[in-house]
Visitor: 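Below is one structure. I have some questions about it.
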There are 2 protein chains.
Amino acid sequence: MPYGLGNGHAVTVRIQMSDDNPAAVHRIGNRKPAATIYDVAEVVGVSPSTVSRALNKPGRINAKTEERIRHAAEALGYRLNPMARALLTGKTAMVALLVSDITNPVFYDIVRGAENVATEAGYTLVFAESHQRSDIEFATVERLQPSVDGVLVVASLLDEDQIAQLSETKPIVIALRPVEGIPHVVPNSETGLVQAVDHLQELGHRSIGYLSGPTTFWANRHRWNILFEHAVAKGMSIVEIPPDDPVPNGGATRLRRILASGVTAVVVYNDLMAIGLISECKREGVDVPGRLSIVGFDDVYGANLISPSLTTIDSSLGKVGGAAMWCLLAEVDGTTGYEPPELPTRLIVRESTASAPS
Amino acid sequence: MPYGLGNGHAVTVRIQMSDDNPAAVHRIGNRKPAATIYDVAEVVGVSPSTVSRALNKPGRINAKTEERIRHAAEALGYRLNPMARALLTGKTAMVALLVSDITNPVFYDIVRGAENVATEAGYTLVFAESHQRSDIEFATVERLQPSVDGVLVVASLLDEDQIAQLSETKPIVIALRPVEGIPHVVPNSETGLVQAVDHLQELGHRSIGYLSGPTTFWANRHRWNILFEHAVAKGMSIVEIPPDDPVPNGGATRLRRILASGVTAVVVYNDLMAIGLISECKREGVDVPGRLSIVGFDDVYGANLISPSLTTIDSSLGKVGGAAMWCLLAEVDGTTGYEPPELPTRLIVRESTASAPS
DNA sequence: CCGGCACTGTCAACCGATTGCCTCGCTGCC
DNA sequence: GGCAGCGAGGCAATCGGTTGACAGTGCCGG
């Protein structure tokens, strides 16, 4: 039906609004206002405070009265108004989750893990994206803070001072990056990277490369450092190939450099770049893993779909998200002593790694 | 650290609380309470209502006073408390987005499109998952409604009565499913499916299959109907292969039936199942597209990664999410006459389709 | 018979912002 | 000189729920 009928409805509404109840102005589009504890109180014949207590402090009110109140509330379809409660108590039962880039599959599992935990704990999740920009990230946290009890930021781009400043207002937890003095949840990259180096060495590789991610990312520097130290300790030669954007195309553009460097295997900052690199190899006729072995990082959705499927390091992102959310909720509740679990990473060997060419 | 230390802290807190400011009880963990308009008013020496007006009704207040108020607000780090405003105005500037399954990449683009629009319009996004269960979906919408101005449900599993009931409380918009009397945004599946049938016919296929999705899904029935009518009109034979779960494994388990049916090409309910089917074909040594051509639906992330890459139907999910959010915001604002754009689907030919075996 | 206590329920203040209505003072015009 | 008109700002009610203080009732033991 086109809008003729819609306008008809609008007229009807206006006629309804002409009654002498000024609250009717809120009732746009024939929607009825929600029932309040005052409505319930009136029906049952008690005071609003009694209704509040009956619903929230079991036992505080006579069992029979409580039962009558519950019935009436049910009948009226009463729902507590979280805003009203929040105004007085200062607790909104909402937490914010901020990721830098929704398009990055790395975050999917984290979001899922965090959402499950938040829901389980009775918290509502507010979701926002910072579009990889630290200024937007800061402004978004500031904007969201009054509405939520705490903020979980994944892979924050803020500097430590900014994080500390935000932390003065409401609890904040950082995932995927350690920050001094701020609760954070970070998987142990070392276990998986060590396995990767060992794996490559066993396959006969002597010279490996690291295709870098953005140099401003803590995770990138961290991975390089571990890789470097361990490769050197193992007597392998290692080079860092400077980064492009941490997306598939950013992997693809670096293929020529990688080949020119003479390495036989490359560990890539993340799976997205690794996937782009594999695609480019196929396009250019470079044999993977015959000519070049490739190891990714994160084991994102899609890593096992591509051909050859990607050998990568699983960083159990779902658990990271869940643990970070538990950590945040502990902060929010003032619970002391929540210790996030150790989250080791581990190598998942698939088809993109094989013996070094002789 | 166990609870001994925790109690020690509690004592400290209690000592702090012994000052004569009762508000100190709110200041848990040395976090300072947010500044209010009362604080600003006191600093400037005006009444709170003046502060409110200065900040929200430009021109209502003397320009110099307004300037002083803005300065003081800035200096105090004042942020408006959305709860307080919401309580009075009934507008929370938040909208809920409910998807049935975060793990399904179909929803990624939709979430992204919706998030961008919501942010652009100054709305905060509340995010929840219904875990593919209609009871959870209903309860979640009910739970969220008091906190938000409207709800966007993607691929709702509710029946029309339930949706209508929820719609009585707050605006609700459904994406990916048409519901009588409720605003909805659904791409036009027909354009893409017709192209797919034509494409397969041009390749010489005469007998095609449709690997079905869950029979309760509107989209599944809809796609079958279009496919059926068009294939018949084109003089092709077509069979429906009953569904398993709409996930990769649900595609894999149906390979034997598909082969047994004698079809040379199969259109699959969604990309996830198609991806599973391709994987299974590789595992079983079935040549794709030599023996069997496969067409997916949605063009999700990953469809172009798998080998052979998947011929599929792009349903521009990002635009669906964006349009649905605009639609919802129009409802929320009471703006009449928002007309969601026509969203045609279109075939994307990749490697998984080829000439029919002779 | 009375003090004390447990049990139920009410009162009223409060959270922070918004807004209709009012007041005060000044200007300008008849 | 008187009064309308206007600009600037204050007062107080309001949104819905929570909570400390308190009142009324009934019951108990001493």
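Throughout, protein chains are lettered first and strands after them, A, B, ... in sequence-line order, and every chain is numbered starting at 1.
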Visitor: Report the distance from atom OH of A:Tyr38 to atom P of C:dA12, rounded to the nearest whole Å.
Guide: 13 Å

Visitor: Nearest whole angstrom, please: distance from the P of C:dT18 to the CZ of B:Arg85.
Guide: 4 Å

Visitor: Is B:Asn62 reaching over with its side chain to a backbone N or O of B:Lys64, donor-acceptor style, under 3.5 angstrom?
Guide: yes

Visitor: Indicate whether the side chain of B:Thr119 and that of A:Glu129 have a donor and an acceptor atom separated by less than 3.5 Å.
Guide: no

Visitor: Ignoring hydrogens and geometry beyond distance, is the side chain of A:Ser49 in donor-acceptor contact with the base of C:dC11 at under 3.5 Å?
Guide: yes

Visitor: Whole angstrom is fine here: how far is it from CD in B:Glu42 over to P in C:dG16?
Guide: 13 Å

Visitor: Picking from A:Ser167, A:Pro171, A:Cys327, A:Pro340, what satisfies side chain to side chain contact (heavy atoms under 4.5 Å, CB included) with A:Pro183?
Guide: A:Cys327

Visitor: Give the rounded distance in Å between these two atoms: CD1 of B:Ile61 and P of C:dT19.
Guide: 13 Å

Visitor: Is the side chain of A:Arg79 donor-acceptor paired with the backbone N or O of B:Arg143 at a distance under 3.5 Å, no angle test?
Guide: no

Visitor: Just how far, in rounded Å, is P of D:dT14 from CG of A:Leu88?
Guide: 19 Å

Visitor: Would you say that more than 12 heavy atoms from the other residues, nucleotides or ligands in this model lie under 6.0 Å from the CD of B:Gln162, or not?
Guide: yes

Visitor: Round to the nearest Å and state the distance from B:Ile37 atom CD1 to D:dG9 atom P.
Guide: 15 Å

Visitor: For D:dT18, does either OP1 or OP2 sit under 4.0 Å from a side-chain N or O belonging to A:Asn56?
Guide: yes

Visitor: What's the separation between atom OH in A:Tyr78 and atom CD1 in A:Ile37, rounded to the nearest 0.5 Å?
Guide: 5.5 Å

Visitor: Please state how far atom CG in A:Leu87 lies from atom P in D:dT14, giving the value in whole angstrom units.
Guide: 17 Å

Visitor: If each of B:Ala35 and B:Arg53 is mapped to the nucleotide of DNA chain C with the nearest heavy atom, which maps nearer the 5' terminus, i.e. the 5' end?
Guide: B:Ala35

Visitor: Looking at A:Ser47, does any N or O in its side chain come under 4.0 Å of the phosphate oxygens OP1/OP2 on C:dT10?
Guide: yes

Visitor: Roughly how far, to the nearest 0.5 Å, is the CD1 atom of B:Ile163 from the CD1 atom of B:Ile174?
Guide: 4.0 Å

Visitor: Does a distance-only test, which skips hydrogens and angles, find a donor-acceptor pair under 3.5 Å between the side chain of A:Arg60 and the base of D:dT19?
Guide: no

Visitor: How is B:Val51 classified with respect to the nucleic acid when contacts are heavy atoms under 4.0 Å: base, sugar-phosphate, or nothing?
Guide: nothing

Visitor: Examine D:dT19: is either OP1 or OP2 under 4.0 Å from a nitrogen or oxygen in the side chain of A:Lys57? Give yes or no.
Guide: yes

Visitor: Within less than 4.0 Å of OP1 or OP2 of D:dT18, is there a side-chain N or O belonging to A:Ser52?
Guide: yes

Visitor: Please work out which residues in residues 62-84 of chain A have a non-hydrogen atom less than 4.0 Å from an atom of DNA chain C and list them by number.
Guide: A:Asn62, A:Thr65

Visitor: Just checking A:Thr36: base, sugar-phosphate only, or nothing, at a heavy-atom cut-off of under 4.0 Å?
Guide: sugar-phosphate

